[in-house]
A.B. asks: 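The following block contains the structure, expressed as structure tokens.
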Amino acid sequence: MVDGYDVQAIEAKWQQRWRDTGAYDVDNDDPRPPYYVLSMYPYPSGQAHMGHVRNYTFGDLIVRYRTMNGYAVLSPIGFDSFGLPAENAAIRTGEHPRTYTDARIEQLSSSLQRIGAVYDWRRQITSHDPSYIRWSQWIFKRFLEAGLAYRAMAPVNWCPGCQTVLANEQVLADGTCERSGDLVDKRDLEQWFFKITDYADQLLDDIDTVDWPERVKTIQRNWIGRSEGAEFEMAVVDADGNPHPEGHAFGVYTTRPDTSFGMTFAVLAPEHALVAQITSPERRADVDAFVDRVRKEAEFDRLSTEGPAHKRGIFTGAYALNPFTQKPVPIYLADYVLTTYGTGAIMAVPGQDQRDWDFATSYDLSIIRTVQPPDDFDGEAYTGDGRAINSEWLDGKEKAEAIAAAIAWLEAQGIGAGKVNFRLRDWLLSRQRFWGCPIPVVYCDGCGIVAVPDEDLPVLAPDDVEFLPTGESPLKFHEGFLRAECPTCHGPATRETDTMDTFVDSSWYFLRFTDPWNDEAPFGLDAVARWLPVDQYIGGVEHAILHLMYARFFTKALADLGHAPKELREPFQQLFTQGTVRLGGSRMSKSKGNLVAPEVILDREGADALRLAHLFVSPPNDDIDWEAVTIEGSSRFLARVWRLARGEIGTSTDREPMPADTAIEQATHHLIARITDEYERWHYNTAVAGCMEFVNDLYRYAQSDEGARTATIDEAIDTLLQVMAPMVPHITAELWEARHGDSVHTQTWPVADPAKLVVATATMVVQVNGKVRDRIEVDAGIDEAEATRLALASEKVAGQLDGAEPRKVIARPPKLVNIVV
RNA sequence: GCCCGGGUGGCGGAAUGGCAGACGCGGGGGAUUCAAAAUCCCCUGUCCGAGAGGGCGUGCGGGUUCGAGUCCCGCCCCGGGCACCA
């Protein structure tokens, strides 16, 4: 302990006070302007880890800073409390997921308080709370009614050993089950989906309207994967071009309709619906064998194959009529064509597509170039720009022009049109798990899928269940849960046993925070309108795709359905993604056993030192290595601040201001300007550096022969405590209380006095040919002529010039003069 | 392959086109002390030089500019995203 600085006692005292007095509680009718700060919904993993500390330090700093700036800051906290770990623990130990989860919520809550983070705890929500489940289910029903939720067959991961479906995360990289080690295969099962693809365009376009890191925006754009092209029909024919007896035809999607004259074959996905009907009798046995083999393979096997050797396919015996040339081309099946994208069928143009080229060379199919490659081109398929060739009426047109002409032609023929496709797929939300939000529907033999009436929500999972080591959901074997009455016909019905993906819970929690007591609706329009969009969202870049995409989709859909304000198009106006914490180069994780427990640091150095170390180590969006975090340096600095503010450094007297005093007063106001600017721009590491420089100045000042002027150093110290309060809330609160009796955190943010930001003199750099040769103290207000005169009068400059005549003088008073010879 | 970031001392990192390396860590020296810890003060890119001083330095090669870590062009390397998506 340094000179009465009892870190543990001080931090405990203030944490208790903030919680007990509801210091950061904020009501929806608060007259101050609203500001919503939110850190991403944490999974309650027990004690906080370093990633949490980093995340919540930034969040807390903003909450405190904005509060001092006069805002009503909404700072809620909740827990994403459904999910796999609790259920796995239940299978292992038999402990109910709820008791397991509640204990971990308790631990994480207390960890967050120990780092000094402040919240409106009255608004706390948890995903597994019946009142939250109720509204998750209510929203699902609204989506169902609007056609945004639907049930369809989907390939899922099936583990033959466990006899159950697995989540993607449970399938290891080599395609085996994490629990049994069996090879997981694909099965088609009925699953629930959200129709996020309805919003693909908006999700893409509105990215431009939010203030997010470019990296995250790019990730989202890639994931949505918009592509522009054309879709058109091709008739199935025989080798001579005679139509198929049953008149079959299929659509193809292409981004390069301008290359259609170069189509030398067509490819259907092996799962394509037409395969069985068009395969010729003599090819049937081979085709069936091929389709069988492909379907058995796990998806990742199919997608991870690379290069020509792996492009496997088979001829169907059927042909398609190329509408551009009116010539038949052979139809193949190939595993590189996916049933889930476009129409599940392509026109193959090997001259301009490398995949088609690879396939064509493997199967000895012809290749026609329809775009003129540059003279020096020596590759295979040419995918670049150029003039159309071998394309009749398209010849000579540049790519863009040719594409437009080809689409116009397809439309005129009535066989196709321009088309936009997306990589984004619908969101599969069914999970065959117990510890999640039940999907509120029943299956009735007579009425089909029937939603549970709103007044019967929430549908809750029963407690008297047994967790099976097979990994199957215990709901499947619970008769009381399973057997239901159809709400429509009152006949017997079976309850859905799947639960929702936990990403559903985190897709609307930020809305619930605005109105967590609402009993009539998930949230009121007024409450959402008041607080949303979130002004500052903070979290890890690992959620750049899924969570952020889903939350954006929910917000748009809820707004369109009238449950959120119509104008609310984006939930998170500003996003900050903080870097991850590593140790010795690798990511800190329980499984690697390289965790540095924040609790140990909190016990030894305290929350302020830990927070300061995180803020100082590097810019907040950078990944950091714990080895670089200098907790001792932070502690040392805080002790310096403590001694300074306790008046233990140097001497002070009452007197009229001397130049040294004026300099400190100016430094004080420069500090306000600097720290304010740096907080606004998230430059916390340099904000800390600024405070350190200031403290170094104050030490020199107070220890100088003249000592400090009392009024000057008091103002300096008070200002220091105020600007540091958001970073290190405990020590500043304690020191401020000792000096003034009230709380530093209820002070208004200091404003720099413009008069004290004006400096009287400046150090002017004198360069000769761009190299610094002299530094001259000058009056800050000097003009170019005077600056030039002073520079040329410099002896050092004269030495450098060596009699040469200056060719040109660039003067930028009062900072710089550059003499060119 | 395409798309985003990023390469600065021993380390983490500073720097609106205008003094490269702020601030901290580590290291060195001094003060204090019986001694140590703690604390306080000073030094610390690199090469040449006894010194004054000078040369060289922000991944590499060019360019723009009076002046480039910063802007432009072409590469190299590292991190991340997408990737048989037609």
Side-chain angles (χ1 to χ4, degrees), chain A residues 2-3 213-227 229 231 252-256 259 267 269 302-308 310-311 334-338 340-349 352-356 358-359 383 421-425 541-542 544-545 612-613 616-619 621-625 627-634 636-637 639-640 643 648-650 683 685-696 699-700 703 763-775 796 799 806-812 815-821:
Chain A
V2 179
D3 309 320
E214 205 47 50
R215 189 158 74 112
V216 177
K217 292 194 195 185
T218 304
I219 291 172
Q220 293 235 331
R221 290 190 188 108
N222 286 347
W223 186 261
I224 294 167
R226 181 188 152 99
S227 101
E231 203 171 290
V252 294
Y253 173 74
T254 178
T255 55
R256 296 296 302 275
T259 65
V267 186
R302 251 181 91 184
L303 293 178
S304 65
T305 49
E306 283 174 345
H310 292 96
K311 283 209 173 28
D335 57 2
Y336 78 92
V337 173
L338 307 174
T340 48
Y341 187 77
T343 60
I346 62 159
M347 67 165 193
V349 188
Q352 274 75 231
D353 185 290
Q354 189 60 40
R355 295 156 299 181
D356 297 343
D358 293 341
F359 193 82
T383 57
N421 260 331
F422 295 93
R423 212 192 68 94
L424 182 72
R425 307 291 152 83
V541 75
E542 65 272 16
I545 302 175
L612 194 70
F616 185 53
V617 64
S618 72
N621 51 324
D622 284 8
D623 286 352
I624 60 160
D625 199 303
E627 287 171 359
V629 175
T630 55
I631 193 83
E632 301 81 3
S634 298
R636 204 174 294 163
F637 172 64
R640 271 165 80 77
R643 285 189 294 269
E648 293 166 18
I649 303 302
H683 289 195
N685 55 330
T686 53
V688 176
C691 293
M692 288 174 166
E693 284 176 55
F694 188 62
V695 169
N696 290 344
Y699 264 63
R700 268 190 290 272
Q703 293 176 67
T763 304
M764 185 174 78
V765 169
V766 184
Q767 298 178 331
V768 176
N769 289 332
K771 287 194 200 299
V772 181
R773 296 303 176 185
D774 201 3
R775 295 180 176 82
K796 288 180 182 161
R807 208 155 48 82
K808 194 172 178 183
V809 178
I810 288 100
R812 292 282 180 278
K815 306 280 273 195
L816 176 134
V817 172
N818 188 13
I819 298 162
V820 187
V821 291

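Just so it is clear: chains get the letters A, B, ... in the order the sequence lines come, proteins before strands, and each one is counted from 1.
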A.B. asks: On a whole-Å scale, what distance lies between the P atoms belonging to C75(B) and C2(B)?
C.D. replies: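 11 Å, rounded to whole Å.
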
A.B. asks: From the options C84(B), G24(B), G13(B), select the nucleotide whose nearest atom is closest to the side chain of N696(A).
C.D. replies: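 Closest nucleotide to the N696(A) side chain: G24(B).
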
A.B. asks: So, OP1 or OP2 of C40(B): does either fall under 4.0 Å of a side-chain N or O from R640(A)?
C.D. replies: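 For C40(B), OP1/OP2 do have a side-chain N/O of R640(A) under 4.0 Å.
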
A.B. asks: Suppose we define a pair by two distances each less than 3.5 Å, Watson-Crick or G-U wobble; what does U39(B) pair with here?
C.D. replies: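 Matched U39(B) with A31(B) under the 3.5 Å cut-off.
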
A.B. asks: In plain terms, say whether E648(A) and R640(A) are close enough for a salt bridge, that is, a side-chain N and a carboxylate O under 4.0 Å apart.
C.D. replies: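 Result for this pair is no, no salt bridge flagged.
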
A.B. asks: Is any side-chain nitrogen or oxygen of N222(A) closer than 4.0 Å to OP1 or OP2 of A83(B)?
C.D. replies: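 No, because none of the side-chain N or O atoms of N222(A) sits under 4.0 Å from OP1 or OP2 of A83(B).
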
A.B. asks: Return the pairing partner of G61(B) with a 3.5 Å limit on both distances, Watson-Crick or G-U wobble; otherwise return none.
C.D. replies: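 Checking every strand shown, G61(B) finds its partner in C73(B), with both distances under 3.5 Å.
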
A.B. asks: For the base of G5(B), is there a side-chain donor-acceptor partner from R215(A) under 3.5 Å away?
C.D. replies: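 Result: no qualifying N/O pair found.
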
A.B. asks: Among A22(B), C23(B), C84(B), which nucleotide sits nearest the side chain of M692(A)?
C.D. replies: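 Output: C23(B).
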
A.B. asks: With respect to the phosphate group of G26(B), does any side-chain polar atom (N or O) of R636(A) fall under 4.0 Å of OP1 or OP2?
C.D. replies: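 Answer yes for this pair, as a side-chain N or O of R636(A) is under 4.0 Å from OP1 or OP2.
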
A.B. asks: If you check every side-chain atom of Y253(A), which of C40(B), G55(B), A86(B) has the closest atom?
C.D. replies: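 Closest of the options to the side chain of Y253(A): A86(B).
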
A.B. asks: With respect to the side chain of A628(A), which nucleotide from G12(B), C4(B), C42(B) is positioned closest?
C.D. replies: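 Within the option list, the nearest is G12(B).
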
A.B. asks: Which nucleotide wins on minimum distance to the side chain of S227(A), given the candidates U39(B), A86(B), A83(B)?
C.D. replies: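 When the side chain of S227(A) is considered, A86(B) is the closest of U39(B), A86(B), A83(B).
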
A.B. asks: Looking at the side chain of S618(A), which of A86(B), U39(B), G13(B) is the nearest nucleotide?
C.D. replies: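 The listed nucleotide nearest to S618(A)'s side chain is G13(B).
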
A.B. asks: Could you please name the partner base of A52(B), counting Watson-Crick and G-U wobble pairs only when both distances are under 3.5 Å?
C.D. replies: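 Pairing partner: none.
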
A.B. asks: Atom NE2 of H683(A) and atom C1' of C23(B): how far apart are they, to the nearest Å?
C.D. replies: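 H683(A) atom NE2 is separated from C23(B) atom C1' by 15 Å.
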
A.B. asks: Hey, is the side chain of R423(A) poking within less than 4.0 Å of OP1 or OP2 on A83(B), counting only N and O atoms?
C.D. replies: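 For A83(B), OP1 or OP2 has a side-chain N or O of R423(A) closer than 4.0 Å.
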
A.B. asks: The side chain of T686(A) is closest to which nucleotide in this list: A14(B), C40(B), G24(B)?
C.D. replies: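 Taking heavy atoms from C-beta onward, the closest nucleotide is A14(B).
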
A.B. asks: Taking atom C1' in both G49(B) and G54(B), compute the distance separating them and give it to the nearest angstrom.
C.D. replies: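 9 Å, rounded to whole Å.
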
A.B. asks: Between A38(B) and G28(B), how far is it from one P atom to the other, in whole Å?
C.D. replies: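 The answer is 13 Å between these two P atoms.
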
A.B. asks: For a quick check of understanding: with a heavy-atom distance under 4.0 Å over all strands, which category does Y699(A) fall into, base, sugar-phosphate or nothing?
C.D. replies: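 Contact class for Y699(A): sugar-phosphate only.
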
A.B. asks: Looking at the side chain of Q767(A), which of C4(B), G18(B), A86(B) is the nearest nucleotide?
C.D. replies: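 Given the options C4(B), G18(B), A86(B), the side chain of Q767(A) is closest to G18(B).
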
A.B. asks: Nearest whole angstrom, please: distance from the C1' of C25(B) to the CG of L612(A).
C.D. replies: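 After rounding, the gap between these two atoms is 14 Å.
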
A.B. asks: According to the Watson-Crick and G-U wobble definitions, with both distances under 3.5 Å, which nucleotide is paired to C82(B)?
C.D. replies: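 Base-paired to G1(B).
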
A.B. asks: Paired with A22(B) by Watson-Crick or G-U wobble geometry, both distances under 3.5 Å: which nucleotide is it?
C.D. replies: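 Across all strands, not a single nucleotide pairs with A22(B).
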
A.B. asks: In terms of side-chain heavy atoms of Y336(A), which of C41(B), G18(B), C84(B) is nearest?
C.D. replies: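 Between C41(B), G18(B), C84(B), the one nearest the side chain of Y336(A) would be C84(B).
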
A.B. asks: Taking only the side-chain nitrogens and oxygens of K815(A), find out if one of them lies under 4.0 Å from OP1 or OP2 of G18(B).
C.D. replies: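 No.
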
A.B. asks: Measuring only the C1' atom in each nucleotide, how far is G59(B) from C78(B)? A whole number of Å is fine.
C.D. replies: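 Each nucleotide's C1' atom is 10 Å from the other's.
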
A.B. asks: Check the phosphate of C19(B) against R773(A), side-chain N and O only, distance under 4.0 Å to OP1 or OP2. Yes or no?
C.D. replies: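 No.
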
A.B. asks: Is G9(B) syn or is it anti, if syn means the base angle is within 90 degrees of 0?
C.D. replies: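 Here G9(B) takes the syn form, which means its glycosidic angle is within 90° of 0.
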
A.B. asks: With a sphere of 6.0 Å drawn around NZ of K815(A), does it hold more than 12 non-hydrogen atoms of other residues, nucleotides or ligands?
C.D. replies: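 Atom NZ in K815(A) is not crowded, with 12 or fewer foreign heavy atoms closer than 6.0 Å.
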
